[in-house]
Amino acid sequence: ISGKKGMAAIGMTTKSSQGRPKASRAGSARGHTRVNRTTSTNFPATVSKSFLNKLGEMHTAEKKLTHALPLVVAAAKSKDLKALLRIHLSETKGHVKTLERVARSLGRKLPSKSCKQMTKLVLDATKVIAKRLVSGEKDKELIAGGKKIEQFEIASYTPLCAEAERSDLTHEAAMLHSILNQEKLANELLGALG
């Protein structure tokens, strides 16, 4: 395939008679031109705003948690709790990247959304860290705070997974389920330590 028609067939931007690329319409996926809409990408036609907003909120929540977890690791006394928190910190960093991959897979940008619930939960955890408690008591309170965070995340990712499945977003649903399963396991392991 050659010429402008060939480039359009594979989703490339063609040039106008003035030699400038034709502008894409705002919000259109890359590779689509105003004149030439191709099917060179597999992005879903529509993704609900509420779904994207919740992804953005959880992205903020996970990033906030990556900053808080090292402080909790330092405050924990039990070697088992420290080890579990370190593992979950690594997983949480992975969750941030996974949410970014979900957005890219949808051909969308993650909206910047605050997460008041995670802010409150992290604040509660820092209050526990600041308390003058004997080792065992501090660990118990850190575990209780950690379980609240995990339960919030489970309650947030469960409907996201369900909506992705309802919308036939198979690949994105699988990525979200991988996060949900790690949150469930972390909650169970914290419960076992508690």
Distance from [X] atom [atom1] to [Y] atom [atom2], nearest 0.5 Å?
X: Leu180; Y: Leu185; atom1: CG; atom2: CG; result: 11.5 Å
X: Phe51; Y: Arg108; atom1: CZ; atom2: CZ; result: 10.5 Å
X: Ile149; Y: Leu69; atom1: CD1; atom2: CG; result: 7.0 Å
X: Glu150; Y: Ile143; atom1: CD; atom2: CD1; result: 12.5 Å
X: His59; Y: Leu52; atom1: NE2; atom2: CG; result: 13.0 Å
X: Ile179; Y: Lys184; atom1: CD1; atom2: NZ; result: 13.0 Å

Can you find a heavy atom in the side chain of [X] that is under 4.5 Å from one in the side chain of [Y]?
X: Leu65; Y: Leu89; value: no
X: Glu141; Y: Glu137; value: no
X: Leu55; Y: Leu106; value: yes
X: Leu142; Y: Lys138; value: yes

Among side-chain atoms of His95 and Glu153, is any donor-acceptor pair under 3.5 angstrom?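 No, no side-chain donor-acceptor contact under 3.5 Å.
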
Is the backbone of [Y] close enough, under 3.5 Å, to the side chain of [X] for a donor and an acceptor to pair up by distance?
X: Ser78; Y: Asp80; answer: yes
X: Thr66; Y: Lys63; answer: yes
X: Asn187; Y: Glu183; answer: no

Begin with the C-alpha distance, continue with both residues' side-chain angles, and end with the deciding distance and a verdict on side chain to side chain contact (heavy atoms under 4.5 Å, CB included) for Glu172 and Ser167. CA-CA 10 Å; Glu172 294 78 8; Ser167 303; over 6 Å; no

What are the two closest non-hydrogen atoms of [X] and [Y], and how far apart are they?
X: Ala76; Y: Leu81; value: CB-CD2, 3.7 Å
X: Glu62; Y: Thr92; value: OE1-CG2, 3.2 Å
X: Lys82; Y: Ala74; value: NZ-O, 3.5 Å
X: Leu176; Y: Ala164; value: CD1-CB, 4.2 Å
X: Cys115; Y: Ala61; value: SG-CB, 3.8 Å

Under the criterion side chain to side chain contact (heavy atoms under 4.5 Å, CB included), I'd like the reasoning laid out for Asp124 against Lys148: C-alpha separation, chi angles, the key distance, then a yes or no. CA-CA 10 Å; Asp124 290 346; Lys148 285 180 186 174; 5.6 Å; no

same_hphob_cluster(Val122, Val96) at 4.5 Å side-chain heavy-atom cutoff: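 In one cluster: no.
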
Hydrophobic clustering (ILVMFWY, side-chain heavy atoms < 4.5 Å, transitive) - are Ile87 and Leu189 grouped together?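 Each belongs to a different hydrophobic cluster.
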
Cationic N near anionic O, under 4.0 Å, Lys54 to Glu57: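 A salt bridge links Lys54 with Glu57.
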
Decide side chain to side chain contact (heavy atoms under 4.5 Å, CB included) for Glu163 and Ser48; before the verdict, give the C-alpha distance in whole Å, the side-chain angles of both, and the deciding distance to 0.1 Å. CA-CA 9 Å; Glu163 186 168 347; Ser48 78; 2.6 Å; yes

If the condition is side chain to side chain contact (heavy atoms under 4.5 Å, CB included), which residues does Lys109 pass it with, not counting sequence neighbours?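 So Lys109 forms no side chain to side chain contact (heavy atoms under 4.5 Å, CB included) with any residue.
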
Determine whether Thr119 and Thr60 satisfy the following criterion, side chain to side chain contact (heavy atoms under 4.5 Å, CB included), listing intermediate values before the conclusion. CA-CA 10 Å; Thr119 301; Thr60 300; over 6 Å; no

